[in-house]
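Reminder, nothing fancy here: chain letters follow the sequence lines and each chain counts from 1. Reckoned from all heavy atoms, side chains included, excluding hydrogens, waters and symmetry mates.
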Amino acid sequence: MVSFPATDAVDPADATLSDHELMLAVRDGELDALGELFERHHGPLYGFLVKFTGQRTAAEDIVQTVFQRMLKYRHTYRDEGNFTAWMYHLARRCAADHFRKSNAAPAATDPADLQDHADDAPHAGDRAATSDDHALLHTALSRLDRDDREVLLLSRFQELPFAEIAAVLECSVGAAKVRAHRALRELRDTYFQLQQERLT
Amino acid sequence: MNCTQAQERFADLLDARRTGPDHAAVRAHLASCPACQREYATLARTLAALDALPAAPPSPALRRNFYAMLEEEKLAAAGRPAAFRRPRPALRSALWRWILAPAAAGTLAIAAFLAGTRYAPPAAAPGLDPATKRELAELRARVDSVGQLVGYSLLQQRSTSERLQGVLATLDRKDPSQKVLSDLIGALALDPSANVRLSALDALYPHANQQLVRSGVLASLPREQNPLVQVAMIDFLVAARDHAAAPELGRMARNETLDRAVRDAAQRGLAQL
Ligand SMILES: [Zn+2]
């Protein structure tokens with residue numbers, strides 16, 4: 001790999017630095033440290049946003065905007081902050097902007113847009129069925145209330161403790177858990193119903 | 001434990017974090033209650049499907065756009081006079097980082113190509129044929145009259161990152177057309193983003209042996225306001241051994257209104273030419 005001259009005290013590629021330390025460095029003017037944070041987090045964040053918006057281009061736009069806002073608002077990052085929670089907090093606001101602008105329910109998911117997600121079936125013979133299942137699940141997700149979809153998807157990020165999800169959503173831990181579980185039951189009902197419809 | 005109590009605890013049981021209290025009682029109920037087993041199994045299956053939903057990686061444009069945006073912000077920060085100390089090493093390292101970030105073989109090949117040609121002495125300038133002269137005159141006219149200048153194709157891309165991609169897309173052409181080169185010079189002369197202008201200059205390096213390219217850079221130099229870009233352009237002309245640049249460098253070296261670093265670079269360049 002190519003090495004780059006270190007010009008400052010913080011080596012932004014230092015894998016031993018925590019997210020929080022890197023973001024503090026960004027706040028204090030070492031902007032290159034954001035590159036390492038991007039490398040660590042943009043994949044999972046993108047995955048969350050694809051499921052949340054149902055649109056890959058929108059998900060990419062929002063990821064870009066989130067990191068843009070991290071730079072713009074870097075001075076507001078606090079000493080006791082939590083980077084992941086902050087990132088999802090920003091992502092949530094950016095997604096809200098996106099939905100307001102597009103003014104369209106995310107039910108506008110274009111299955112073709114997501115179709116190539118479904119090419120990882122372990123056996124070629126299962127591929128068609130699996131791909132259909134993925135499409136059904138995407139459809140079921142898109143039919144959830146936006147807030148329900150959000151809390152459910154957040155709850156599946158194991159690196160995000162419920163306390164932080166609650167902070168992101170500005171509710172109590174108990175409320176976040178209840179909402180996530182209710183959303184799961186709704187998703188299950190829609191998903192199974194869609195599967196039934198396909199069979200008949 | 002009854003069914004309602006058991007099902008109230010399913011959320012904890014299904015949460016992979018497993019931070020909830022002991023689940024022994026729930027499991028005992030599950031073992032003996034088919035209705036709850038069904039409820040639990042369908043929820044678990046749905047979650048498994050949700051977790052297994054494949055996520056294709058984002059397009060390479062996302063990473064490119066991110067590093068372009070980061071560069072832009074760093075340039076904006078560096079553009080403030082107090083921060084104008086060691087811009088070039090930082091700038092270079094970061095530029096290389098986002099050019100190399102995808103680490104694709106093709107990208108590395110381009111980088112190697114650039115590295116190999118960048119500081120090689122340019123070939124002797126060929127004599128100007130009439131067509132080139134015409135193109136050059138036209139280009140000068142375009143560079144000189146900013147007002148009507150939106151003609152060049154890169155400017156029609158809306159966002160900075162899109163224009164930057166336009167510039168980067170030219171990097172893998174070993175033998176770009178005159179149109180591509182003139183677009184790059186147009187970007188260098190006219191693009192509102194310093195980052196795009198610097199990238200255009202980078203893309204022009206392998207073609208510094210062409211008279212058209214050197215003249216385009218020279219024609220753009222008086223218009224440039226950003227000290228970072230000014231210094232990069234001076235370096236370019238000096239590396240290309242463009243003696244036609246000497247008068248302009250002389251003017252810049254004496255111009256007290258220019259940034260100190262720019263005047264120094266012009267002075268150094270004059271000595272080398
Ligand atoms: Zn039961």
Is it the case that the side chains of A:Ser18 and A:Glu21 hold a donor-acceptor pair, with the cut-off being a distance below 3.5 Å and no angle test? yes
Residues pairing under side chain to side chain donor-acceptor pair (under 3.5 Å) where one sits in residues 42-51 of chain B, two or more places apart or in two chains, turn out to be A:Arg156-B:Asp51, A:Arg188-B:Thr42
Separation between CD (A:Glu39) and CZ (B:Phe66), nearest 0.5 Å, reads 7.5 Å
Okay, B:Glu39 and chain A: the region with an atom under 4.5 Å from a heavy atom over there is both
So side chain to side chain donor-acceptor pair (under 3.5 Å) across residues 163-174 of chain A, not counting sequence neighbours, yields A:Asn82-A:Glu164
Honestly, the part of A:Lys51 sitting under 4.5 Å from a heavy atom of chain B is side chain
Okay, B:Pro57 and chain A: the region with an atom under 4.5 Å from a heavy atom over there is backbone
If one checks every heavy atom of A:Leu31 against chain B at 4.5 Å, the contacting part turns out to be both
The interface call for A:Phe67 against chain B, heavy-atom contacts under 4.5 Å, is both
* Asked: Would A:Arg146 count as a cation-pi partner of A:Phe99, with NZ or CZ less than 6.0 Å from the six-membered ring centre and within 45° of the ring normal?
  -> yes
